[in-house]
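Naming: A, B, ... by sequence-line order, numbering from 1 per chain.
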Amino acid sequence: MWKEELRRLLLKPLPPFDFHLMARQAELSPWKFDGRGIIRVERIRSGRVITIFIESDGTVISVGFSDLKISRRDIEDIREKLEWCLAVSEDLQPFYDLAKNDKFLRKAVSDVRGYRILCDPTVFEGAVKAICNQNTSFKMTKIMVRNLVEKYGGGAFPCPRTLTEASVAGLKECKVGYRAEYIRAISRLDLETLKSTSTEEARRALLKVKGIGPHTAALILQRGLRRYDSFFIDLWVRRLMRRLYFNNEAVSDSDITKYAEQNWGRYRGLALQYLLMDMKNLM
DNA sequence: ACCCAGGCGGTTT
DNA sequence: AAACCGCATGGG
């Protein structure tokens, strides 16, 4: 599968770039991590489904395709998607400068230097996955997403139209439970336009959608829209933040949010991701 | 059997 | 606005 002659596309990320750390996050279908690199299944213009193999030596990202009969146009589509998902042209220097003033961030940046969030290609995909993440274990989330991808996408992530036409009963066969109605509802919206709005505007729009609350909105902003100023609090974040920045005192969530806003500003979401990635070294 | 899992919407205080 | 409850589903 990972054959030299299938290699078709090279991407040159702005350094520093840690591909392996990002690859570890390729857990939800149709992303996959096989120990060597990232695999993703995509549907191309002809309707055919192809597998994309992505690996990196740390300097260059090389992309191979399972099918050699793929048009120039399809390759350009995929290049564009991957450049977005992998944040190929992201300059993290402003964040690293900010991190120098923070004892724990400094350590995290040194430990997981070059890490960027692996984003989903579409806001829609990010939103469906975020909804599948609600009130369940990550293991269950993986099953739900995999079922949706198999049943409605033939291995690729289903397009919104397909889910719009799906029945609630059909969706429930994917074990998404009460989330079926939410998923169907968001498949009718055009979420992609949010990419060109401000984070606050996008957040307000997302919160108006039935089934999307503060936590889900924050996840969508992070993984579907790559907004580094999207901060959220859950059990792990609460524990981490209290331990590192509040001397383990039982401070409120709003205190934590305020701290992040004041100290990390527009990078508070990314700062959080760095801390979470390096949690084992920090706690 | 019971409770919980990286929420959310709706209803009741 | 804060506290409570039901929700689908599978795992411990």
J.: I need the NZ-C1' distance between Lys142(A) and dA5(B), as an integer number of Å.
T.: 15 Å
J.: Short of 4.0 Å, heavy atom to strand atom, which residues of residues 206-217 of chain A count as contacting DNA chain B?
T.: Val209(A), Lys210(A), Gly211(A), Ile212(A), Gly213(A), Pro214(A), His215(A), Thr216(A)
J.: Determine the interatomic distance between P on dC4(C) and the same-named atom on dG6(B); round to the nearest Å.
T.: 22 Å
J.: Below 3.5 Å is the cut-off: list the nitrogen or oxygen pairs between protein and nucleotides 9-12 of chain C, distance only.
T.:
none

J.: Considering residues at least two apart in sequence or located in another chain, which fulfil the ring pair (Phe, Tyr, Trp, His ring centres under 6.0 Å) criterion with Phe19(A)?
T.: none
J.: Not counting sequence neighbours, which residues clear side chain to side chain donor-acceptor pair (under 3.5 Å) with Arg72(A)? List them please.
T.: none
J.: Provide the distance between the two P atoms, one in dC8(B) and one in dG11(C), to the nearest whole Å.
T.: 24 Å
J.: Tell me, which of residues 273-283 of chain A have any heavy atom that sits under 4.0 Å from an atom in DNA chain B?
T.: none
J.: For the ring-ring contact (aromatic ring centres under 6.0 Å, His included) test, which of Tyr245(A), Phe104(A), Tyr274(A) pairs with Trp264(A)?
T.: Tyr245(A)
J.: Round to a whole Å and report the spacing from CZ of Phe138(A) to C1' of dC4(B).
T.: 18 Å
J.: Take atom CD of Glu80(A) as the centre, draw a 6.0 Å sphere, and report whether it contains more than 12 heavy atoms from other residues, nucleotides or ligands.
T.: no
J.: So, do Asp229(A) and Leu270(A) sit near enough that their side-chain heavy atoms are less than 4.5 Å apart?
T.: no
J.: Evaluate the criterion side chain to side chain contact (heavy atoms under 4.5 Å, CB included) for residue pair Val41(A) and Ile50(A); output intermediate values, then yes/no.
T.: CA-CA 6 Å; Val41(A) 177; Ile50(A) 63 162; over 6 Å; no
J.: Once side chain to side chain donor-acceptor pair (under 3.5 Å) is applied, do any residues pair with Tyr152(A), and if so which ones, sequence neighbours excluded?
T.: none
J.: Can you list, in residue-number order, the parts of residues 231-255 of chain A that come under 4.0 Å of DNA chain B, counting heavy atoms only?
T.: Phe232(A), Asp234(A)
J.: For nucleotides 11-13 of chain B, list the nitrogen or oxygen atoms of the protein found under 3.5 Å from its nitrogen or oxygen atoms, one pair per line.
T.:
none

J.: Sequence neighbours excluded, which residues qualify as salt bridge (Lys or Arg N to Asp or Glu O under 4.0 Å) partners of Lys107(A)?
T.: Asp111(A)
J.: I'd like to check the salt bridge (Lys or Arg N to Asp or Glu O under 4.0 Å) partners of Arg106(A); sequence neighbours left out, ordered by chain and number.
T.: none
J.: Go through the steps for Glu200(A) and Arg203(A) under the test salt bridge (Lys or Arg N to Asp or Glu O under 4.0 Å), then give the verdict.
T.: CA-CA 5 Å; Glu200(A) 200 34 50; Arg203(A) 183 171 172 276; 3.6 Å; yes
J.: Go through the structure and list residues passing side chain to side chain donor-acceptor pair (under 3.5 Å) with Arg79(A), not counting sequence neighbours.
T.: Glu76(A)
J.: My understanding is that a hydrophobic cluster links ILVMFWY residues whose side chain heavy atoms are under 4.5 Å apart, including indirect links. Using that, what else belongs to the cluster containing Phe33(A)?
T.: none
J.: Kindly indicate, with the supporting measurements, whether the criterion salt bridge (Lys or Arg N to Asp or Glu O under 4.0 Å) is fulfilled by Glu42(A) and Lys81(A).
T.: CA-CA 10 Å; Glu42(A) 277 284 330; Lys81(A) 273 186 188 168; 2.8 Å; yes
J.: Say you pick atom P in dT11(B) and the same atom in dA8(C); how far apart are they, in whole Å?
T.: 15 Å
